[in-house]
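One is the number of the first residue; the rest follow in order along the sequence.
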Amino acid sequence: MARCLSLALVRFIQFSALVFYIYIMFVYIGALFLIPLAGIYHLFNILNFFGLHAFFAIVIATAVVASIIYLGYKIPKFFLIIKDFGSKIVSLGFNQIKQFSQVAEEIKSLPIKNTNISN
């Protein structure tokens with residue numbers, strides 16, 4: 001009974017770690033896409049506040065954010081570092097899940113103890 005509970009606990013923690021790493025990857029990828037969009041949105045609102053027509057404000061805001069992204073592109077290995085960071089998060093999560101699987105296999109291989117109390 002204790003072996004089954006231990007195995008269930010390890011599998012639950014393994015599942016929790018899997019969900020955590022999937023969530024972190026969604027946040028990471030989402031941030032890569034949403035940060036430029038947020039920049040465009042806020043810059044559009046600022047330009048619109050100062051009286052620029054909406055069409056001109058969105059064109060200027062998109063141009064400014066695109067130029068900032070282009071400046072980041074010109075930095076040597078900048079996007080490679082960003083990609084490396086994401087791949088290291090994935091490999092870290094995968095290694096943690098494998099370690100939990102190894103612990104679960106060790107629990108499965110433990111001998112079953114006889115708990116009968118009989119004279």
Side-chain angles (χ1 to χ4, degrees):
M1 182 69 175
R3 187 171 84 166
C4 290
L5 288 175
S6 297
L7 185 60
L9 180 64
V10 168
R11 292 296 186 190
F12 175 72
I13 294 172
Q14 182 182 21
F15 177 73
S16 299
L18 178 69
V19 170
F20 173 75
Y21 282 110
I22 289 173
Y23 174 75
I24 292 300
M25 282 310 300
F26 279 139
V27 168
Y28 180 73
I29 292 170
L32 289 178
F33 289 113
L34 291 179
I35 288 175
L37 288 176
I40 291 171
Y41 174 76
H42 291 295
L43 196 56
F44 164 75
N45 284 338
I46 290 170
L47 292 174
N48 207 6
F49 176 75
F50 286 122
L52 242 62
H53 191 302
F55 177 74
F56 296 120
I58 198 70
V59 168
I60 292 171
T62 305
V64 169
V65 171
S67 65
I68 291 172
I69 292 172
Y70 180 70
L71 287 175
Y73 174 74
K74 288 174 61 175
I75 297 173
K77 298 184 182 179
F78 182 68
F79 288 108
L80 182 66
I81 292 170
I82 291 173
K83 183 186 74 80
D84 255 2
F85 182 71
S87 65
K88 285 182 181 180
I89 291 174
V90 170
S91 66
L92 176 67
F94 184 71
N95 290 335
Q96 292 296 320
I97 301 302
K98 279 182 16 182
Q99 287 178 355
F100 280 119
S101 293
Q102 290 172 353
V103 170
E105 291 300 320
E106 289 175 9
I107 290 174
K108 284 181 185 178
S109 67
L110 289 176
I112 299 174
K113 295 180 182 176
N114 191 0
T115 58
N116 292 338
I117 303 176
S118 60
N119 291 331

A.B. asks: Spell out, yes or no, whether Y70 and L32 are grouped together once hydrophobic residues are joined by side-chain heavy atoms under 4.5 Å, including indirect joins.
C.D. replies: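 Yes, it is one cluster - the side chains of Y70 and L32 are joined through contacts under 4.5 Å.
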A.B. asks: Determine whether K108 and S6 make a side-chain contact, defined as any pair of heavy atoms from C-beta on separated by less than 4.5 Å.
C.D. replies: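 A side-chain contact is absent here, since even the closest heavy-atom pair is not under 4.5 Å.
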A.B. asks: What distance separates L71 CG from I75 CD1, expressed to the nearest 0.5 Å?
C.D. replies: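 That separation rounds to 7.5 Å.
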A.B. asks: Taking Q14 for its side chain and F100 for its backbone only, find out whether a donor-acceptor pair lies under 3.5 Å.
C.D. replies: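 Absent.
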A.B. asks: Nearest 0.5 angstrom please: L92 CG to S87 OG, how far?
C.D. replies: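 OG of S87 is found 11.0 Å from CG of L92.
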A.B. asks: Find out whether I22 and L18 are in side-chain contact, i.e. whether some heavy atom of one side chain is under 4.5 Å from a heavy atom of the other.
C.D. replies: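 Yes, their side chains come closer than 4.5 Å.
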A.B. asks: For F44 and A57, work out which heavy atoms get closest and say how close.
C.D. replies: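 So the two residues come closest at CD1-CB, 3.6 Å.
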A.B. asks: Could you check if a side-chain atom of Y73 sits within less than 4.5 angstrom of a side-chain atom of F78, using non-hydrogen atoms only?
C.D. replies: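 They are not in side-chain contact.
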A.B. asks: Run the numbers on S101 and R11 for side chain to side chain contact (heavy atoms under 4.5 Å, CB included), then give the verdict.
C.D. replies: CA-CA 8 Å; S101 293; R11 292 296 186 190; 4.2 Å; yes
A.B. asks: How many angstroms lie between atom CG of L9 and atom CG of L5, to the nearest 0.5 angstrom?
C.D. replies: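 If I round to the nearest 0.5 Å, the distance is 8.5 Å.
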A.B. asks: Do the side chains of F26 and I97 join up, straight or via other hydrophobic residues, at under 4.5 Å, putting them in one cluster?
C.D. replies: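 Hydrophobic grouping puts F26 with I97.
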A.B. asks: Nearest 0.5 angstrom please: I35 CD1 to I68 CD1, how far?
C.D. replies: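 CD1 of I68 is found 12.0 Å from CD1 of I35.
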A.B. asks: Same cluster or not: are I40 and V59 linked, directly or through other Ile, Leu, Val, Met, Phe, Trp or Tyr residues, by side-chain heavy atoms under 4.5 angstrom apart?
C.D. replies: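 Yes; V59 is reachable from I40 via cluster members.
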A.B. asks: Contact between I82 and Y28 at the side-chain level, heavy atoms closer than 4.5 Å - yes or no?
C.D. replies: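 A side-chain contact under 4.5 Å exists here.
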A.B. asks: Would a hydrophobic clustering, with Ile, Leu, Val, Met, Phe, Trp and Tyr connected at side-chain separations under 4.5 Å, put L43 with L34?
C.D. replies: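 Unlinked, L43 and L34 end up in two clusters.
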A.B. asks: Main chain of K88, side chain of S91: is a donor-acceptor contact present, judged purely on distance under 3.5 Å?
C.D. replies: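 Side chain of S91 to backbone of K88: a pair is present.
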A.B. asks: Considering non-hydrogen atoms only, spot the tightest contact between P36 and A31 and give its length.
C.D. replies: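 In this case the closest contact between P36 and A31 is CD-O, 4.4 Å.
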A.B. asks: Any side-chain heavy atom of F85 within less than 4.5 Å of one from I81?
C.D. replies: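 Answer no - side chains too far apart.
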A.B. asks: Compare all side-chain heavy atoms of V10 with those of I13 and state whether any distance is below 4.5 angstrom.
C.D. replies: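 No, too far: nothing below the 4.5 Å cut-off.
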A.B. asks: Nearest 0.5 Å, please: how far is CD1 in I29 from CD1 in I24?
C.D. replies: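 Between I24 CD1 and I29 CD1, I get 11.5 Å after rounding to 0.5 Å.
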A.B. asks: Using every non-hydrogen atom in the two residues, find where L52 and N48 come nearest and quote the distance to one decimal.
C.D. replies: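 Smallest interatomic distance, heavy atoms only, reads O-OD1, 3.0 Å.
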A.B. asks: Do V27 and F20 belong to the same hydrophobic cluster, where Ile, Leu, Val, Met, Phe, Trp and Tyr are linked whenever their side-chain heavy atoms lie under 4.5 Å apart, directly or via other members?
C.D. replies: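 Hydrophobic grouping puts V27 with F20.
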A.B. asks: Decide if atom CZ of F79 counts as having more than 12 heavy atoms of other residues, nucleotides or ligands within a radius under 6.0 Å.
C.D. replies: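 Yes, the 6.0 Å shell around CZ holds more than 12 heavy atoms from other groups.
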A.B. asks: Rounded to the nearest 0.5 Å, what's the gap from CE on M25 to CD1 on I89? Could you check?
C.D. replies: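 Rounded to the nearest 0.5 Å, the CE-CD1 separation comes to 5.5 Å.
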A.B. asks: So, for I60 and L47, which heavy atoms are closest and what is the spacing to 0.1 Å?
C.D. replies: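 Scanning both residues, the minimum pair turns out to be CG2-CD1, 3.6 Å.
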A.B. asks: Can you confirm if the aromatic rings of F94 and Y21 lie within a centre distance of less than 6.0 Å?
C.D. replies: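 No; F94 has its ring centre 6.0 Å or more from that of Y21.
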